[in-house]
J.: 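Below is one structure. I have some questions about it.
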Amino acid sequence: FDQGASDDMGDDAQASPETVTVAATQYDTVLDWPTFDRWLARLQAAELVAFDTETDSLDAMQARIVGLSFSDQVGEACYIPLRHEVVDAPVQLPLDEVLARLKPWLEDASRPKLGQHIKYDTHVLANHGIAIRGYAHDTMLESYVLEAHRKHNLGDLAQRHVHRSGLSYEDVAGKGAQQIPFAQVAVDKAAQYSCEDSDLTLHVHQTLWPRLQAEPALRDIYERFELPTSRVLQRIERNGVLIDKALLQQQSHELGQRIVALEHEAHALAGQPFNLGSPKQIGEILFNQLKLPIVKKTATGAPSTNEEVLEKLAEDYPLPARILEYRGMAKLKSTYTDKLPLMINPATGRVHTNYAQAVAVTGRLSSNEPNLQNIPVRTAEGRRIREAFIAPPGHVIVSADYSQIELRIMAHISQDENLLRAFDQGLDVHRATASEIFGVSPDEVSSEQRRYAKVINFGLIYGMSAFGLASNLGIERSAAAAYIDRYFMRYPGVKRYMDETRAQAKAQGYVETVFGRRLWLPEINSPNGPSRAGAERAAINAPMQGTAADLIKLSMVAVQDALDAQGKATLMIMQVHDELVFQVPEAERDWVKTEVPRIMASVADLRVPLLAEVGEGLNWEAAH
DNA sequence: AGGATCACGCACG
DNA sequence: CACGTACGTGATCAAG
């Protein structure tokens, strides 16, 4: 979306009469103890302090402090350089002693602190043995709750909300291959950069926090969902997950052999060598050399070689099947079996993902470096990778996941009597849907009819069109439209929900989750037909996906609280949208398997029962 | 030459 | 061209 200056019309800083103008900033570089003592006294007296760490790595688990900055008043800040190693760097205060003297304040929960993306700084301090407490606010999360669809990095927030800009990281450290470690940045430049970050964080907070306070539902999402989730995520990330490196390496070896064999077969079938990893070269071979029919084209007009196309061609020709098999093997090897062993942290022997809390516009988390939310599960071949997510000796892996969470939420929101009844009675919901659509008793539903109903139920969650359903089921659009009509006749509450949600989105530009999280749809009134239609589908989906995200955030916080209250040694180690995964000492297995699903089912009282299912095993695959 | 970005494909819920 | 993500490889762009 537009990041330009013209994009910030009507935001609070322009509209507000009490916009602060920062004429001049007063930034200190702390190089001696008297100056340090003066600032420490200020921090101890301040009602709220913005705080930022400068480090030598973006990897939060490995980063070491290079310097610290604090701001207790807009326009004023200090920077404490600690490990700058540039040639003519000044003599700096000793890191260990500075941290030792700051530690009581940092760990004092009654001294409120503020940051931009505090999960990162929490890790950094933990790397130095400091357990920060009293993190009262996070500007990134404030922004995310107010405007999930926009950007949340500090530079953009400062520009948008207080019309200020500071040095960018690239300004001080360079970019690309020329980039230098922060420790090699000149101290005065680093001081300017870091002081600005703390100062701007405080300034942005002073505009965003009043806006949250003025919207009780959003303030609740921020205080009761996002802030506590941030703390739980930091612990999950730090716990990490144990990976069987040797098993993955063995799988890589086997996959490598199968890939080579498939390459030979494919080249023989093509009559020439080509790169099976290149859709362009595959297209050249299939459609120009071998004259296979073009099934469909990509967005840029090139003949598509995607899975659906190759499956179709594989009905009549041998080569597409080899390419499909190659792609499956190559995906597993390059993305998972080769990559995961490289991601093991040498200090902990475990893999520590990063959960992004302010990326997904629906309120979901995302996971990166590595992404642990897309580990294969749908094929037997892929599931072998889950066997490498293991419990250490004396422990088991326990997985607990919400059953049919989004359909349950659809029943709750729509209040459709028929759907509510199905969940109340504990029915197989796809079978119940098939029974309604096809007009047969539940016992008479064929597996084919149930499969259709399942696709329709998924489609409803995605805001389906007759076109989308038709292409998914491989039927005529008119037939798909007839199924949708039948569905809405049997579930009129769902129909009403869809219509009302679309209308609400158009009228106010956003929709809401059950808990009041606001999901903005900038394209909902676009003159561009396809993008408007896309926004309408997103509007249907967002309350369900977003409410599910809200529920599991509540669960994560409640389960962690229970573990802490009971003094359990069980570790929460992963979240996969509707699933929580734990590393559990054998002695705690029964407690976890009973209590975790109970907590997950009771975090909210909806018009449908919530159900969480639990499994255990020596690895993640076995725990399902 | 090679870093940055796009295109495509595909893993998950 | 169903909603939401992350990321791998190959192809292309275009600065100096």
Side-chain angles (χ1 to χ4, degrees), chain A residues 148-149 175-179 274-284 296-310 323-324 326-340 343 353-356 359-379 381-383 385-386 401-407 410 455-473 477 480 484 511 519 521 529-531 533-546 548-549 552 574-579:
Chain A
H149 60 299
K175 63 171 180 173
Q178 267 59 254
Q179 192 165 79
F274 66 102
N275 185 346
L276 277 112
S278 165
K280 188 178 166 168
Q281 291 187 35
I282 291 172
E284 169 65 22
K296 65 168 180 174
K297 296 190 171 183
T298 69
T300 53
S304 173
T305 70
N306 72 12
E307 183 171 7
E308 183 193 341
V309 167
L310 295 184
I323 298 171
L324 277 170
Y326 169 91
R327 284 214 180 129
M329 302 297 112
K331 178 89 177 178
L332 292 178
K333 184 170 186 292
S334 67
T335 307
Y336 303 106
T337 62
D338 283 352
K339 197 50 61 74
L340 287 170
M343 303 295 287
T353 186
N354 174 58
Y355 287 101
V359 167
V361 296
T362 54
R364 272 193 180 178
L365 305 177
S366 69
S367 159
N368 60 56
E369 291 183 84
N371 184 355
L372 297 185
Q373 292 181 324
N374 74 346
I375 303 300
V377 70
R378 289 170 190 172
T379 67
E381 196 65 54
R383 278 196 296 273
I385 291 163
R386 292 184 172 226
D401 67 289
Y402 278 118
S403 164
Q404 304 289 1
I405 186 69
E406 292 185 356
L407 278 177
M410 187 168 87
V455 171
I456 290 167
N457 278 331
F458 270 110
L460 288 160
I461 291 168
Y462 296 151
M464 73 178 165
S465 61
F467 186 99
L469 181 63
S471 72
N472 214 293
L473 285 174
R477 193 204 310 221
I484 294 173
V511 293
L519 309 155
L521 300 151
S531 83
E536 288 178 12
R537 294 192 296 271
I540 300 294
N541 173 262
M544 293 179 272
Q545 191 180 124
I552 198 155
M574 287 187 280
Q575 189 258 37
V576 192
H577 307 305
D578 63 359
E579 174 185 13

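To find a chain, count down the sequence lines: A is the first, B the second, and so on, and within it residues start at 1.
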J.: Which residues in residues 366-373 of chain A have at least one heavy atom lying under 4.0 Å from any atom of DNA chain C?
T.: A:Ser366, A:Ser367, A:Asn368, A:Glu369, A:Asn371
J.: I need the minimum non-hydrogen distance between A:Ile375 and A:Arg386, along with the two atoms involved.
T.: O-NH2, 2.9 Å
J.: Dot-bracket for DNA chain B: what is it, with Watson-Crick or G-U pairs under 3.5 Å, [ ] where a pair crosses earlier ones, and | for a pair to another strand?
T.: ..|||||||.|||
J.: Under 4.0 Å between any heavy atoms, over every strand shown, what does A:Arg327 touch: base, sugar-phosphate, or nothing? Just pick one.
T.: sugar-phosphate
J.: Please find the pair of heavy atoms, one from A:Ala356 and one from A:Asn368, that lie closest to each other, and give the distance.
T.: CB-ND2, 4.2 Å
J.: Do A:Met544 and A:Tyr462 come close enough that some side-chain heavy atom pair is under 4.5 Å?
T.: no
J.: Using atom P of each nucleotide, how far apart are C:dC1 and B:dC8 to the nearest Å?
T.: 13 Å
J.: If you only use heavy atoms from C-beta on, which nucleotide in C:dG8, C:dT5, C:dC3 is closest to the side chain of A:Ala360?
T.: C:dT5
J.: Nearest heavy-atom pair of A:Val576 and A:Leu372: which atoms, and what distance?
T.: CG2-O, 4.0 Å
J.: Tell me: CD1 of A:Ile282 to C1' of C:dT9, nearest whole Å?
T.: 11 Å
J.: Under 4.0 Å between any heavy atoms, over every strand shown, what does A:Phe458 touch: base, sugar-phosphate, or nothing? Just pick one.
T.: nothing
J.: Can you tell me how far C1' of C:dC7 sits from CG of A:Leu340, to the nearest Å?
T.: 12 Å
J.: Using the side chain to side chain contact (heavy atoms under 4.5 Å, CB included) criterion, which residues pair with A:Asn472? Sequence neighbours excluded.
T.: A:Val455
J.: Whole Å only: how far is the CE atom of A:Met329 from the P atom of C:dG8?
T.: 19 Å
J.: Tell me whether the side-chain N/O atoms of A:Gln545 come closer than 4.0 Å to OP1 or OP2 in C:dT5.
T.: no
J.: For nucleotides 13-16 of chain C, which of its nitrogen or oxygen atoms have a protein nitrogen or oxygen under 3.5 Å away, and what is each distance?
T.:
none

J.: Determine the contact category for A:Asn275: base if any of its heavy atoms lies under 4.0 Å from a base atom, sugar-phosphate if only primed atoms, P, OP1 or OP2 are that close, otherwise nothing.
T.: sugar-phosphate
J.: Out of C:dG8, C:dC3, C:dT5, which nucleotide sits closest to the side chain of A:Ala538?
T.: C:dC3
J.: With sequence neighbours left out, write down each residue that passes ring pair (Phe, Tyr, Trp, His ring centres under 6.0 Å) with A:Phe274, or none if nothing qualifies.
T.: A:His267
J.: Under 4.0 Å from a heavy atom of chain A: give me the 5'-most and 3'-most nucleotides of DNA chain B that qualify.
T.: B:dA4 to B:dG13
J.: What residues form a side chain to side chain donor-acceptor pair (under 3.5 Å) with A:Glu307, not counting sequence neighbours?
T.: none
J.: Rounded to the nearest Å, what distance is computed from the CG atom of residue A:Leu469 to the P atom of nucleotide C:dA2?
T.: 12 Å
J.: Taking side chain to side chain contact (heavy atoms under 4.5 Å, CB included) as the definition, give me every residue that meets it alongside A:Lys175, ordered by chain and number, with sequence neighbours left out.
T.: A:Glu170
J.: Using residues 533-542 of chain A as the side-chain source, report each donor-acceptor pair under 3.5 Å to any protein atom, sequence neighbours left out, with the distance given to one decimal.
T.:
| unit_1 | atom_1 | unit_2 | atom_2 | d |
| --- | --- | --- | --- | --- |
| A:Glu536 | OE2 | A:Lys506 | NZ | 2.7 |
| A:Asn541 | OD1 | A:Gln545 | NE2 | 3.1 |
| A:Asn541 | ND2 | A:Ile461 | O | 2.8 |

J.: A:Lys331 NZ to C:dG10 C1': how many Å, rounded?
T.: 14 Å
J.: Which heavy atom of A:Asp578 sits nearest to which heavy atom of A:Ile552, and what is that distance?
T.: C-CD1, 3.5 Å
J.: Looking at A:Gln575, A:Glu579, A:Arg364, which one forms a side chain to side chain donor-acceptor pair (under 3.5 Å) with A:Gln373?
T.: A:Gln575
J.: Reckon A:Arg364 has a side-chain N or O less than 4.0 Å from the OP1 or OP2 of C:dG4?
T.: no
J.: Between A:His577 (NE2) and C:dA6 (C1'), how many Å, whole number?
T.: 10 Å
J.: Identify, with sequence neighbours excluded, every residue that meets side chain to side chain donor-acceptor pair (under 3.5 Å) alongside A:Thr379.
T.: none
J.: Given atom CD of A:Gln281 and atom C1' of C:dT12, what is their separation to the nearest angstrom?
T.: 14 Å
J.: What is the nucleic acid contact for A:Gly463, judged by heavy atoms within less than 4.0 Å: base, sugar-phosphate only, or nothing?
T.: nothing
J.: Do the side-chain N or O atoms of A:Lys280 get closer than 4.0 angstrom to the phosphate oxygens (OP1, OP2) of C:dT12?
T.: yes
J.: Just the rounded figure in Å: distance from P of C:dG4 to CD of A:Gln575.
T.: 18 Å
J.: With sequence neighbours excluded, what pairs up with A:Glu284 under the side chain to side chain donor-acceptor pair (under 3.5 Å) test?
T.: A:Asn288, A:Gln289
J.: By the 4.0 Å heavy-atom rule, please label A:Ile405 as base, sugar-phosphate, or nothing.
T.: nothing
J.: Quick one: side chain to side chain donor-acceptor pair (under 3.5 Å) partners of A:Asp338, sequence neighbours excluded?
T.: A:Ser252, A:Lys333
J.: Give me the atom names and distance for the closest heavy-atom approach of A:Leu340 to A:Pro370.
T.: CD2-CG, 3.8 Å
J.: Students often get this wrong, so: under 4.0 angstrom with heavy atoms, is A:Val309 touching a base, only sugar-phosphate, or nothing?
T.: nothing
